[in-house]
Each structure stands twice: as C-alpha cells, then as structure tokens.
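Structure, as structure tokens:
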2 protein chains.
Amino acid sequence: MLRLSKLTDYAVVVLVRLGQPDAAGDACRDVQTSPCIAAATGIPEPTVAKVLKTLASGGLVGSQRGARGGYRLLRPLDAIPIADVIAAIDGPIALTACVEGSGNGCSTESLCPVRGRWDPVNAAIQDALGAITLADMQEAAIPRAFRIPALPPSGPALRAAE
Amino acid sequence: MLRLSKLTDYAVVVLVRLGQPDAAGDACRDVQTSPCIAAATGIPEPTVAKVLKTLASGGLVGSQRGARGGYRLLRPLDAIPIADVIAAIDGPIALTACVEGSGNGCSTESLCPVRGRWDPVNAAIQDALGAITLADMQEAAIPRAFRIPALPPSGPALRAAE
DNA sequence: CCATTCAGGACTGATAAGGTCCTCTATACC
DNA sequence: GGTATAGAGGACCTTATCAGTCCTGAATGG
Ligand code: SF4
Ligand code: SF4
C-alpha cells in the first residue's frame, strides 16, 4: 500500500523532537540523548538509537560522544525535506526495480513495455516529498499553547541552526 | 525505499499491454487471455492471472469467461490513473499507520508530536499519482520497432528527457 | 580512572509479500 | 449434449525484508 517503513516514520518523529530543544526540559540541554528522545516520544530506546545512528551516518544529525553527549540537528527543520529522511533511512526512493538507482533489475526487463517509464513517476514523488520539510510536520505539533510553561527559557536559549 | 509492491508494477504492465490490442497479434483478438499476456510481458502466467483477477474484482478490467474468453479494458488507458491501480492491488495509499484509512494505529500514537501530520504528505502523493495515467506510461512503450527488446535509447524521436 | 554515550555491527523473530496450485463455474465450439 | 477452454476464488507455502534487540568497542567529560 505504498507504505513507507516504520523506521522512516520514527526518524521523522525523532527529528521533529530534536528540533524542539526547549521542549526537552532540563534532562537534555543543547544535545539530546537517545533515552531522552525515547522517553519523550514513546518509541523504544534501542529503536531510537538505531534510527539516530542511521541518521548520523546519513549526515542529518550531528553526534557528540562521551559523557553529556547526544545528538543535535545539523540543519533547521525547514531545511530538511522528507525525501532526505527517507533517503537516509530507507535508501533512495525507487518505486520499481527498473528506476535508476536500484541495481536489482527485474526478470521481465527485456520484454516489459513500460521499462523506464516509471522514472517520471518516481521523479514526481520525489519532488512532492522534497517540497515538504519537517517544519511542515512540526507546525501542528504545538496545537494551541506553545508549550507547557514549566521551565523558563533561562538556559542556553537556542543555539541557532548550526 | 518507498517501493511499491511488485504486483502493482505488474498490474501496470499488464494493463498497458491490455491497452494495445493491435500489438497482441493474431493469438488474441479483442479480449486477451492470461497466458497471452504472460507470454507477451515475460511475467509468469500464474502471477499474471492473479493480477488480472484482482484487477477484475477492482473493476479496472472486464472479464469474459469460457472459451475464447479473456480480459479487456473497461476504460481507456488515459482514464486510469496510477493511483487507481495501486488502490486496486495494494489497497488505499497510506504512508504511515496514522493516516486515515489504515485501522492499525501505532503504539506511540499518544505521544507522537507529528500524529496526523502525515495526511497532507499522503494527499500530495496521492495527487501526484492520480495525475499520471497509464497512457503516460504507454507513450514510449512502442519506441519505433514493435517488439524488439533491449532497445538502447539511441533512437531519434524518443520522448525521454526526464 | 571511571561513568556515560555514541558507533557499528550481528543476531533473531515477526510479518507480509510473492508466487504456485487446486477446484469450481461459465462459455464457446464440435 | 459433450468437451475443451478460460476465468473465479480461494488455500497454500516459500522467501525476503523489516523491526527490534543486543553486544562490543571507542570517545569524551568529570
Ligand atoms: S522493467 Fe517493467 S516489470 Fe520490471 S520493474 Fe520496470 S516496469 Fe516493472
Ligand atoms: S502517530 Fe506518529 S509514530 Fe504513529 S504512525 Fe503517526 S507519525 Fe508515525
């Protein structure tokens, strides 16, 4: 049903969470750890760690090792299209086996009358997914109140997007 | 990798083939049988039959039982959007578990900050897939020879350019 | 020196897709 | 009317992929 993998979905959730440093509370400062995000999102910790590791290797988040380490966004949310997240987790978007990028050709490639005709469809999907950024997903994350005014923004308020 | 199921891909191939009665040759007349299409496309016969049965139940193709029976298109190719084929084979398009249509909710639905925000993405995909019809896939189906396979894109008047 | 935290992979179980086959029904032709 | 053909509709199994867990090692801060 054209369903994207659950890991990719989790990645979006985690990234949106990473983009809200004020929502993290005192437990996490400018970098957020895997257990912290796991507790905040309800996703099991090992899965969060796996997703974050994949995202880090994909260049979407930066990591800080050692004590007081964690992950932080390398780009603001509105600069991360969803297509990027999908590509980082699930690999390049390839609807069928005959689009450029996936080496595994199908067995009927020689006779298939629509061989290669999926490319524009693939491009259309990729374009649609590239036009939507994580900021669009975040917009409704804060429904009406900005946040629970539990802690004042006294801490390191926000380090900008870098 | 946002890959649609192979059965859906086969359905598109089969439907495009069904839309070319002249290419079928003498073996198949106005209706085409499963083995005929299977031989023409290279897809195994049982799979073709399965796809065609699913498409028939989905209302995309008409069937004629009995001897000299077969399948035929109920709509011209340019009236069948790809989204229709996907919906007939794989069910409704639902990128994640929290979009409307798929009853299986995810476990983190209560805490997820992007719950419900996938709907516009889903709609964008569906719109993109609804705008492309099978006729667009058929355009380059007959490059210049009728059934010489493995044709390099060296032809002059190809509509590639994607 | 030690606690913390990420890196990276290996491993396993669950799930669903892909593919095959069988039986039954309907139709055309002999 | 009989028979061959061809689809309808499922049951079945086989396999691939994903999701999830865990372990070891390396880096960093205290
Ligand atoms: S060559 Fe044809 S059957 Fe194979 S993946 Fe491409 S469209 Fe599908
Ligand atoms: S509620 Fe959140 S985690 Fe669950 S499917 Fe929707 S976006 Fe994904």
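Chain naming here is simple, since letters A, B, ... match the order of the sequence lines and numbering starts at 1 in each. Given the structure is predicted, the values throughout are model-derived calculations rather than measurements.
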> Quick one: which of C:dG19, D:dG7, C:dC6 gets closest to the side chain of A:Ser63?
Replying inline: C:dC6
> Is any side-chain heavy atom of B:Val13 closer than 4.5 Å to a side-chain heavy atom of A:Arg115?
Replying inline: no
>> For a quick test of reading the model, state the closest non-hydrogen atom pair linking B:Gly69 to B:Thr33 and the distance between them.
In response: O-CG2, 3.3 Å
> Between A:Thr54 and A:Ser57, do the side chains contain an N or O donor and an N or O acceptor separated by less than 3.5 Å?
Replying inline: no
> Mapping A:Asp90 and B:Ser57 to their closest nucleotides on DNA chain D, which lands nearer the 5' end?
Replying inline: B:Ser57
> Of all the choices, D:dA26, D:dC18, D:dG7, which nucleotide is nearest to the side chain of A:Arg65 once you look at every atom?
Replying inline: D:dA26
> With distance as the sole criterion, is a donor-acceptor pair present between the side chains of A:Ser5 and A:Asp90 under 3.5 Å?
Replying inline: yes
> Is there a donor N/O on one and an acceptor N/O on the other, under 3.5 Å, for the side chain of B:Lys53 and the base of D:dG7?
Replying inline: no
> Once you round it to whole Å, what is the distance between C1' of D:dA19 and CG of A:Leu4?
Replying inline: 14 Å
> Whole Å only: how far is the CG atom of A:Leu52 from the P atom of C:dC6?
Replying inline: 8 Å
> Whole Å only: how far is the NZ atom of A:Lys50 from the C1' atom of D:dT17?
Replying inline: 11 Å
> Can you tell me how far C1' of C:dT4 sits from CZ of A:Arg68, to the nearest Å?
Replying inline: 10 Å
>> Can you identify which nucleotide, out of C:dT4, C:dA28, D:dA6, has its nearest atom closest to the A:Ala67 side chain?
In response: C:dT4
>> Of the options D:dT28, D:dC18, C:dG19, whose atoms approach the side-chain atoms of B:Thr47 most closely?
In response: C:dG19
>> D:dG7, OP1 or OP2 - any side-chain N/O from B:Ser34 closer than 4.0 Å?
In response: yes
> Any idea which of C:dC29, D:dT21, C:dG18 is nearest the A:Pro46 side chain?
Replying inline: D:dT21
> Out of D:dT28, C:dG8, D:dA8, which nucleotide sits closest to the side chain of B:Ala56?
Replying inline: D:dA8
> Same cluster for B:Leu74 and B:Leu134 if Ile/Leu/Val/Met/Phe/Trp/Tyr side chains link at under 4.5 Å?
Replying inline: no
> Of the nucleotides D:dT28, C:dA7, D:dA19, which has the atom closest to the A:Gln64 side chain?
Replying inline: D:dT28
>> Between B:Ile80 and B:Leu73, is there a side-chain heavy-atom distance shorter than 4.5 Å?
In response: yes
> So, is A:Tyr71 close to the C:dA7 phosphate, meaning a side-chain N or O under 4.0 Å from OP1 or OP2?
Replying inline: yes
> What's the CZ-P distance between B:Arg72 and D:dG7, to the nearest Å?
Replying inline: 14 Å
>> Rounded to whole Å, please give me the gap between CD in B:Glu45 and C1' in D:dA8.
In response: 18 Å
> Taking atom C1' of D:dA19 as reference, at what distance in whole Å does atom OH of A:Tyr10 sit?
Replying inline: 8 Å
> Separation of B:Ile37 atom CD1 from D:dG7 atom C1', in whole Å?
Replying inline: 12 Å
> Just checking B:Leu7: base, sugar-phosphate only, or nothing, at a heavy-atom cut-off of under 4.0 Å?
Replying inline: sugar-phosphate
> Just checking A:Lys6: base, sugar-phosphate only, or nothing, at a heavy-atom cut-off of under 4.0 Å?
Replying inline: sugar-phosphate
